[in-house]
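All ligand and atom numbering here is 1-based and tracks the order in the structure. The structure presented is a predicted model; accordingly, all values stated were derived computationally and were not measured.
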Amino acid sequence: MSYTLEGSSGSWEVVIGLEVHAQVISQSKLFSGAATAFGAEPNTQVSFVDAAFPGMLPVINEACVAQAVRTGLGLEAHINLVSRFDRKNYFYADLPSGYQISQYEHPIVGAGTIEIELSNGATKKIGVTRLHLEQDAGKSLHDQNATKSYIDLNRAGVALMEIVSEPDLRSPEEAGAYLRKLRTVLRYLGTCDGNMEEGSMRADVNVSVRKHGEPFRTRCEVKNVNSIRFVQQAVEAEAKRQIALYEDGGTVLQETRLYDPSRGETRSMRSKEDAHDYRYFPDPDLLPLVLDEDWVESLRAELPELPDAKRARLSRDYGIPFYDAGVLVAEQVIADFYEAVAKGRDGKLAANWMIGDFFAGLNRTGHGIEDSPVSAAALGKLLDLMADSTINGKIAKEVLEVMMDTGEDPAAIIDARGLRQVTDTGAIDAAVDTVLAANPDKLAEYRGGKEKLFGFFVGQVMKVMAGKGNPALVNEAVRKKL
Ligand code: ADP
Ligand code: MG
């Protein structure tokens, strides 16, 4: 099912390419030793290099280079052993040097791919054009004073990876799936925290529309969108705007636009500067970046297991559906938690309990998995208590709720509340007798052929036993007495 938008002249296809700025996880900046911690007092993490004092020279941070290479490897991309830093010249108050050091013609990482999955289960490979390293700019603060703007240079010089996709995306859903998958991969790699609220991942969204089979038309770039939901909304709003223009006999001008979530529309920011406006040239303060192939290979050897591989392995080793495995690998902490629960136990049961009652419990109590009141060991113990028939599944749900609320041990909860499963056939038979005696009319109906009532009797017996009867034994006893 392809995504199209209808206009008066028929249906339109939407074409999207994303440029993602991902802040590199590193102790210090790309070309200086200043710290990168988020939320520090303004202008407390600024070196002379970041403030562009005369005569200060940039020195490349090897840790940031390693992060970019790791990311490239994680995207199955080509690593360019020789790359170069260029100056991108523009004038803005938050850019003290008057240029950003970036990589233009020779990025550190070339073509790669990201595989996305759509809600109908289909997968699609999206091309990554390139990844380059560049510095972030400072931040203008316009809301501190009625007549002045302030500048905070803490962010100036922080390393960013710009990850550019091919124009392979065809719907808001695909754009969202791409960003989620990219974020997951970056988090697994530990190269970017993917936190869009804090601005450590932001997307420029390029959108054009066309009739099916046509070459690409002119695109507009919606700048700096800071949530996946807004990216999806921006795609739709911008595509509709362009369609309306074409349907009116107009043309789309290439320009940079902004998305306004409160109005659900994009508006023009500036007409697109051509690249030569930036007067790119190689930064004379920096040598070309030459990587040693053995070093790249050593980084490759140390890569963690990435989501696609982990998903395949979990599905295979624990016998769980591919879909469930996808849910469990969305975050590494979830996958680790799952494996701790599933190891040596019934993997399917572990997955069902995690994806079902455990996630619901986290939601209900407002916890993330990192601060879950129920540890993997405790959840595992609960499964063991079901497996050895200490409790049945229904009681286990109750116990898990208490565990979520109190953090108590499951065995302690079961003992304190007398929830142990009843396997004593004498007690079960007695409960069945009570139920049959209390429902003579239903009993007559059943014996007259209304076999559906079997479930009713089982339910009543369980009720009499406060839910603690062993389900198999209760079924057997009811069948016998009926
Ligand atoms: P620039 O440097 O001007 O931003 P790029 O060639 O780097 O231009 O492309 C930027 C982004 O625009 C890429 O993600 C690319 O996939 C996307 N893009 C290119 N052409 C189109 C198009 N016709 N429609 C939508 N996106 C496009
Ligand atoms: Mg661009």
Side-chain angles (χ1 to χ4, degrees), residues 2-5 12-22 71 75 77 80 83-84 86-90 99-114 116 124-134 160-179 181-182 201-225 228 231-232 234-243 245-246 251-259 266 268-281:
S2 65
Y3 172 88
T4 53
L5 291 172
W12 294 82
E13 184 181 41
V14 183
V15 177
I16 307 147
L18 297 174
E19 296 166 86
V20 172
H21 288 94
T71 306
L75 301 176
N80 293 322
S83 65
R84 195 178 75 195
D86 302 290
R87 289 187 181 178
K88 180 181 182 178
N89 298 280
Y90 66 95
Y99 59 85
Q100 176 192 30
I101 304 178
S102 181
Q103 296 190 305
Y104 184 53
E105 275 170 283
H106 302 286
I108 185 166
V109 175
T113 43
I114 293 182
I116 60 170
K124 181 174 172 181
K125 281 195 189 319
I126 305 300
V128 170
T129 315
R130 57 185 275 164
L131 175 157
H132 67 253
L133 273 170
E134 63 185 26
L160 299 177
M161 298 179 281
E162 178 168 334
I163 303 163
V164 182
S165 87
E166 289 290 306
D168 289 346
L169 300 158
R170 292 289 177 275
S171 66
E173 187 198 357
E174 290 187 9
Y178 173 88
L179 288 170
K181 185 61 178 286
L182 174 60
M201 190 170 135
R202 0 188 237 275
D204 297 343
V205 187
N206 296 272
V207 181
S208 66
V209 297
R210 65 171 174 181
K211 291 298 180 78
H212 288 272
E214 272 186 2
F216 291 146
R217 296 196 185 194
T218 303
R219 71 177 189 273
C220 286
E221 181 179 14
V222 186
K223 270 272 180 225
N224 264 329
V225 188
I228 292 176
V231 166
Q232 294 182 310
V235 167
E236 190 171 333
E238 178 55 20
K240 285 182 171 161
R241 185 189 71 87
Q242 293 180 13
I243 291 167
L245 269 173
Y246 286 129
T251 53
V252 169
L253 298 178
Q254 186 172 338
E255 61 181 356
T256 302
R257 302 180 66 86
L258 286 177
Y259 179 63
T266 67
S268 183
M269 181 178 151
R270 55 180 142 89
S271 67
K272 177 85 190 174
E273 319 90 318
D274 289 315
H276 66 251
D277 280 350
Y278 289 122
R279 290 168 295 125
Y280 277 104
F281 63 86

Worksheet item: Does the R87 side chain pair with the main chain of Y99, one donor and one acceptor, at a distance under 3.5 Å?
Response: no
Worksheet item: Heavy-atom contacts under 4.0 Å between T129 and ligand 1: side chain, backbone, both, or neither?
Response: neither
Item to complete: Kindly confirm or rule out an N or O of S165 lying under 3.5 angstrom from an N or O of ligand 1.
Response: yes
Discussion item. Suppose I only count heavy atoms of R217 and a 4.0 Å limit; which atoms of ligand 1 are within that range?
Written reply: 23 (N)
Worksheet entry | Enumerated ligand 1 atoms positioned under 4.0 Å from heavy atoms of L18 | 14 (O)
Worksheet item: Can you name the residues that form a salt bridge (charged side-chain N to carboxylate O under 4.0 Å, His left out) with K211, not counting sequence neighbours?
Response: none
Item to complete: With heavy atoms of V164 as the reference, note each atom of ligand 1 found under 4.0 Å away.
Response: 13 (C), 14 (O)
Worksheet item: Of all the atoms in ligand 1, which lie at a distance below 4.0 Å from a heavy atom belonging to E166?
Response: 16 (O)
Worksheet item: In terms of side-chain heavy atoms, does R279 have a donor or acceptor partner in N89 at a distance below 3.5 Å?
Response: no
Fill in: For F216, atoms of ligand 1 separated by under 4.0 Å from a heavy atom
23 (N)
Discussion item. Is it the case that ligand 1 has an N or O less than 3.5 angstrom from some N or O of Q254?
Written reply: no
Worksheet item: What class does the angle between the rings of Y90 and Y278 fall in, given that below 30° is parallel, 30 to 60° is tilted and above 60° is perpendicular?
Response: perpendicular
Worksheet item: Considering residues at least two apart in sequence or located in another chain, which fulfil the side chain to side chain contact (heavy atoms under 4.5 Å, CB included) criterion with A239?
Response: L5, V14, V207, V209
Discussion item. Taking the side chain as everything from C-beta on, heavy atoms only, tell me whether L18 gets closer than 4.5 Å to I126.
Written reply: no
Worksheet item: Got an N/O contact under 3.5 Å between P167 and ligand 1?
Response: yes
Item to complete: Tell me which one of R210, R219, E19 gets a heavy atom nearest to atom 6 (O) of ligand 1.
Response: R219
Practice prompt. Look at the side chain of Q103 and the backbone N and O of L133, then say whether any donor-acceptor pair between them is shorter than 3.5 Å.
Written response: yes
